[in-house]
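Every chain is numbered from 1 and lettered A, B, ... according to where its sequence line falls, protein lines coming before strand lines.
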Protein chains: 2
Amino acid sequence: MPISQQGEMVVKKQTKERMDLQANVFKALAHFSRIFIVNELAKGKKCVCELTEMIGADKSTVSKHLSVLKQAGIVSDTKDGNKVFYSLEVKCVLNFISCIDGMIEANIKKMEIYIK
Amino acid sequence: MPISQQGEMVVKKQTKERMDLQANVFKALAHFSRIFIVNELAKGKKCVCELTEMIGADKSTVSKHLSVLKQAGIVSDTKDGNKVFYSLEVKCVLNFISCIDGMIEANIKKMEIYIK
DNA sequence: TGGCTAATTGGCATTATAGCCAACAAGTTA
DNA sequence: TAACTTGTTGGCTATAATGCCAATTAGCCA
């Protein structure tokens, strides 16, 4: 995409395509509701109705969030009766969340010191 | 935790605020250029001009990408002469990228089988 | 069958993001 | 000093994401 008139991009096309796919995974997780869903599914599979009640948004909204996560390959779904259950597929998301949570915690402490 | 009449969220305010901060970190990484930058900074600190040449976008664009990463706490910057050097602060990003890259690889292989 | 629950999809308005250029600030060099 | 390099910020347009409602599909049960 970023090919300017002056200087053409030095990044290989293959590299860019792969990083675009990686960016899509980050994008899929870049929302409160979807991080919440990942945390809930880490405890076990849940249907859309359960997640909808917890999040408190319209069920169409939650369904779309789940669709984003599924598209990215982070969750999978199975039908059971008239319910659809979602499961967490990529567990390493949890490791990363706990890592950045540690960073956030450290930054908050740093802020507190700065205020004092 | 009970649900209120107009479908108010059942998630604790504290939980939501923390997950919003986590989402901001994901959002900061949800772009090709910023993932590229993280990969480059993993090799060592680089100035804006170097990254700009590699990416091939306007320097203002790259500067803004770096600003997003800095705001999220993923990189830091130091001035040296009239150059500004950026460094990677949160190394666990690299672990997560390699994890999702494995997932992408697996999905590509799955696709190939599906086509056959 | 009809009525109910569960979930998805389309449409639409609102908001956020991306990237360019222009302007500016700060450091360097002649 | 002026000219140049480096980087940031503001303004602008184009594109993407969000979340609601409405309509639809699918399964369940009386």
Side-chain angles (χ1 to χ4, degrees), chain A residues 1-9 11 16 19-21 23-37 41 45-72 74-87, chain B residues 3 5-9 11 16 19-21 23-37 41 45-72 75-87:
Chain A
M1 187 175 53
I3 293 174
S4 66
Q5 292 92 328
Q6 302 97 326
E8 196 169 315
M9 188 163 55
V11 182
K16 187 189 178 304
M19 287 184 183
D20 274 333
L21 291 173
N24 278 338
V25 178
F26 280 107
K27 208 178 292 184
L29 291 160
H31 191 283
F32 150 72
S33 297
R34 300 197 288 266
I35 288 178
F36 180 83
I37 287 167
L41 298 187
K45 53 175 62 179
K46 285 198 170 58
C47 66
V48 183
C49 52
E50 289 176 288
L51 295 167
T52 297
E53 187 177 346
M54 285 190 272
I55 293 170
D58 194 272
K59 60 182 172 181
S60 69
T61 301
V62 175
S63 177
K64 279 174 185 173
H65 282 309
L66 286 161
S67 166
V68 170
L69 288 170
K70 186 185 166 188
Q71 180 67 28
I74 298 162
V75 303
S76 63
D77 63 336
T78 46
K79 227 175 165 180
D80 185 9
N82 62 345
K83 293 185 180 179
V84 178
F85 286 87
Y86 281 84
S87 309
Chain B
I3 191 160
Q5 43 223 27
Q6 280 301 327
E8 199 172 309
M9 189 159 53
V11 182
K16 189 187 178 306
M19 288 184 183
D20 274 333
L21 291 174
N24 278 337
V25 177
F26 281 107
K27 208 177 292 183
L29 292 160
H31 191 282
F32 151 71
S33 296
R34 299 197 289 265
I35 289 178
F36 179 83
I37 288 167
L41 298 187
K45 54 176 61 179
K46 285 197 170 58
C47 66
V48 183
C49 52
E50 289 176 289
L51 295 167
T52 296
E53 187 177 347
M54 286 189 270
I55 293 170
D58 193 272
K59 60 183 173 178
S60 68
T61 302
V62 175
S63 177
K64 279 175 184 172
H65 281 310
L66 287 161
S67 166
V68 169
L69 288 169
K70 185 185 168 188
Q71 180 66 28
V75 304
S76 63
D77 62 336
T78 46
K79 227 175 165 181
D80 184 10
N82 61 347
K83 292 187 180 179
V84 178
F85 285 87
Y86 281 83
S87 310

Discussion item. In whole Å, I'd like the distance from the CD atom of Gln71(A) to the C1' atom of dT8(C).
Written reply: 15 Å
Worksheet item: Between Asp58(B) (CG) and dG11(D) (P), how many Å, whole number?
Response: 17 Å
Discussion item. Closest approach to the side chain of Ser60(B), judged atom by atom: which nucleotide of dA22(C), dC21(D), dG7(D) is it?
Written reply: dA22(C)
Worksheet, complete the sentence: From CZ of Phe36(A) across to C1' of dT18(D) the rounded distance in Å is 18 Å
Worksheet entry | Rounded interatomic separation in angstrom, taking CZ from Phe32(A) and C1' from dT15(C) | 18 Å
Discussion item. Return the OG to NZ distance between Ser33(A) and Lys16(B), rounded to the nearest 0.5 Å.
Written reply: 7.5 Å
Practice prompt. Measure the CD1-CZ distance between Ile55(A) and Arg34(A) for me, rounded to the nearest 0.5 Å.
Written response: 10.5 Å
Item to complete: When you get a sec, tell me which of dG19(C), dC20(C), dA7(C) is the closest nucleotide to the side chain of Cys47(A)?
Response: dA7(C)
Practice prompt. Could you check whether Tyr86(A) gets within reach of a base, just the sugar-phosphate, or nothing at all, counting any heavy atom under 4.0 Å?
Written response: sugar-phosphate
Discussion item. For dA17(D) and His65(A) - does any side-chain N or O of the residue sit under 4.0 Å from the phosphate oxygens OP1/OP2?
Written reply: no
Practice prompt. Please work out if Lys27(A) contacts a base, only the sugar-phosphate, or nothing of the nucleic acid, heavy-atom cut-off 4.0 Å.
Written response: sugar-phosphate
Discussion item. I'd like to know if Lys70(B) reaches the base of dG7(D) with its side chain such that a donor and an acceptor end up less than 3.5 angstrom apart.
Written reply: no
Worksheet entry | Heavy-atom side-chain proximity of Phe26(A) to Val25(B) below 4.5 angstrom | no
Worksheet item: Considering only heavy atoms and no angle criterion, is a donor-acceptor pair shorter than 3.5 Å present between the side chain of Asn82(A) and the base of dT5(C)?
Response: yes
Worksheet item: Per the atom types in the model, does the base of dA6(C) pair as donor or acceptor with the side chain of Lys83(A) at under 3.5 Å?
Response: no
Worksheet item: Taking only side-chain nitrogens and oxygens of Thr61(A), does any of them come within less than 4.0 Å of OP1 or OP2 of dG19(D)?
Response: no
Worksheet item: How long is the line joining NZ of Lys45(B) and C1' of dG7(D), in whole Å?
Response: 17 Å
Practice prompt. Please report, rounded to the nearest Å, how far the P atom of dG27(C) is from the NZ atom of Lys59(B).
Written response: 16 Å
Discussion item. Quick check: do Val48(B) and Asp77(B) have side-chain heavy atoms less than 4.5 Å from each other?
Written reply: no
Item to complete: Determine: side-chain N/O of His31(B) to OP1/OP2 of dG19(C), distance under 4.0 Å, yes or no.
Response: yes
Discussion item. Are Met19(B) and Ile35(A) packed together at the side-chain level, in the sense that at least one heavy-atom pair is separated by less than 4.5 angstrom?
Written reply: yes
Fill in: Spacing of Glu53(B) atom CD relative to dT5(D) atom P, expressed in whole Å
14 Å
Practice prompt. Take Ala30(A) and Val48(B), find for each the nucleotide of DNA chain D with the closest heavy atom, and name the residue whose nucleotide sits nearer the 5' end.
Written response: Val48(B)
Response to the item:
Phe26(B) CZ to dT18(D) P, in whole Å, measures 14 Å
Worksheet item: From Thr78(B) OG1 over to Lys45(B) NZ, what is the distance, rounded to the nearest 0.5 angstrom?
Response: 4.0 Å
Worksheet item: Taking the side chain of Lys79(A) as its heavy atoms from C-beta onward, which of dG27(D), dG7(D), dC20(D) lies nearest to it?
Response: dG27(D)
Discussion item. Can you identify which nucleotide, out of dT9(C), dG19(D), dA18(C), has its nearest atom closest to the Arg34(B) side chain?
Written reply: dA18(C)
Discussion item. Can you tell me whether the side chain of Lys64(A) and the base of dG10(C) have a donor-acceptor pair closer than 3.5 Å?
Written reply: yes
